Amino acid sequence: MKRCPECRRDYYDDTLLYCLDDGRELLEGPATASIGDEPATAILSEPPASAGVTEPSEFPTRQQISPTDKTAILPSSVPDGSNKHARLLQKKYLWLLALIVLGAGYGIYKYFGSGNKTGPSASVMKIARLTASGKVTLAAISSDGRYVVHVVDDGGQQSLWMRQTATQSNVQIVAPAKVRYNGLTFSIDGNYIYYVKREEGGGIRTLYQTPVLGGSARKVWDDVDSPAAF
């Protein structure tokens, strides 16, 4: 037998877990008395007059709930209406999540793709000609944009020239010779130029280093197949 601790109702169906009146969890109750052993309501006999009790309403009473064979069956599944409501909420959450993802993707595209360009636009950029001889074959620009080194091929001989972009002045840093340049690279600090040179008729390329404003070239490495990189 089980008993509700709130309303003190006894249940004889051991499969019930909660009270049908107030919903409280049922507890194991005392053993059930046999039906008919005692009346549903028992009134204690009237005490003697010497006890001093004169009002019948003060007499203690005790109630006993008689057993019943009626058993309430709780539903074993959620009603169909609740399932439909849950599915509708799930669809709404999925649509909301999809909108959030699309909005975040569009914001990232606008910020990094087209909405946050820090470089100059096409209307602001200005293009200027650095040489007009038509004999330039190779060129490289320094990391700070101040210098441009280029190769001039004139009558089968090649030479290295340095141009300062701010003043538009050209300075020859390596004299013309029957050689072929295959790569130009500025050093990280911008003080030197590394170039790969091959003698005419030779098959081995050599890497050299020379100051930006001209001076003695220094051989760095033989048998080089590509421009220097840092």
Side-chain angles (χ1 to χ4, degrees), residues 2 4-7 15-27 71-134 136-151 160-170 181-196 205 207 209 211-213 220-221 224-230:
K2 293 184 178 182
C4 175
E6 182 69 23
C7 64
T15 60
L16 291 178
L17 301 177
Y18 300 94
C19 179
L20 300 179
D21 294 333
D22 53 24
R24 294 290 297 273
E25 184 178 3
L26 299 179
L27 304 177
T71 302
I73 301 176
L74 297 177
S76 59
S77 61
V78 182
D80 185 63
S82 299
N83 289 335
K84 290 181 178 179
H85 182 66
R87 287 195 295 269
L88 289 176
L89 287 178
Q90 185 178 12
K91 289 182 179 179
K92 290 181 179 179
Y93 290 143
L94 290 176
W95 276 108
L96 180 61
L97 179 61
L99 290 176
I100 293 175
V101 172
L102 290 176
Y106 180 74
I108 293 174
Y109 164 75
K110 292 293 291 182
Y111 184 81
F112 291 101
S114 60
N116 191 37
K117 292 184 177 179
T118 57
S121 61
S123 59
V124 178
M125 291 178 62
K126 182 179 180 181
I127 299 176
R129 177 184 293 179
L130 296 180
T131 64
S133 63
V136 176
T137 59
L138 290 176
I141 188 169
S142 61
S143 58
D144 55 8
R146 297 174 57 192
Y147 299 101
V148 176
V149 60
H150 56 279
V151 177
L160 286 184
W161 292 75
M162 179 64 64
R163 179 182 179 90
Q164 191 174 12
T165 56
T167 61
Q168 298 183 359
S169 60
N170 282 321
Y181 292 95
N182 298 99
L184 301 174
T185 307
F186 278 89
S187 61
I188 296 177
D189 56 12
N191 294 326
Y192 296 93
I193 296 172
Y194 291 82
Y195 59 89
V196 178
R205 300 181 179 90
L207 177 63
Q209 179 199 65
V212 169
L213 299 181
V220 179
W221 204 267
V224 177
D225 295 328
S226 65
F230 297 94

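Keep in mind it's a predicted model, so treat the numbers as computed, not measured.
Side-chain contact between Met162 and Val212 is present, with at least one heavy-atom pair separated by less than 4.5 Å.
Remark: side-chain polar atoms of Arg146 are not paired, donor with acceptor, to backbone N or O of Gln164 under 3.5 angstrom. Without hydrogens or angle criteria, Thr165 side chain to Gly145 main chain gives a donor-acceptor distance under 3.5 Å.
Remark: Val196 pairs with Asn182, Arg205, Leu207, Val224 by the side-chain contact (heavy atoms from CB on, under 4.5 Å) rule, at least two apart or across chains. Considering only residues two or more places apart in sequence or on other chains, Asp144 meets the salt bridge (Lys or Arg N to Asp or Glu O under 4.0 Å) condition with none of them. Contacts of Arg24 classified as salt bridge (Lys or Arg N to Asp or Glu O under 4.0 Å), with partners at least two apart in sequence or in another chain: Glu6. In this structure Phe186 satisfies the ring pair (Phe, Tyr, Trp, His ring centres under 6.0 Å) test with no other residue, sequence neighbours excluded. A search for ring pair (Phe, Tyr, Trp, His ring centres under 6.0 Å) contacts involving Tyr147 returns nothing, not counting sequence neighbours. Listed by chain and residue number, Tyr194 satisfy the ring pair (Phe, Tyr, Trp, His ring centres under 6.0 Å) test with Phe230 (two or more places apart in sequence, or in another chain).
If you take CG on Leu184 and CD1 on Ile141, they are separated by 13.0 Å, rounding to the nearest 0.5 Å.
Screening Ile193, Val220, Thr185 against Gln209 for a side-chain contact (heavy atoms from CB on, under 4.5 Å) leaves a single residue, Val220.
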Determine, step by step, whether Cys4 and Asp21 satisfy the side chain to side chain contact (heavy atoms under 4.5 Å, CB included) criterion, reporting the C-alpha distance in whole Å, the side-chain angles of both residues, the deciding distance to 0.1 Å, and the verdict. CA-CA 9 Å; Cys4 175; Asp21 294 333; over 6 Å; no
Run the side chain to side chain contact (heavy atoms under 4.5 Å, CB included) check on Leu160 and Val151 step by step: do they pass? CA-CA 5 Å; Leu160 286 184; Val151 177; 3.5 Å; yes
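Note on ring orientation: taking the six-membered ring where Trp is involved, the planes of Trp161 and His150 are parallel (angle under 30°, cut-offs 30° and 60°).
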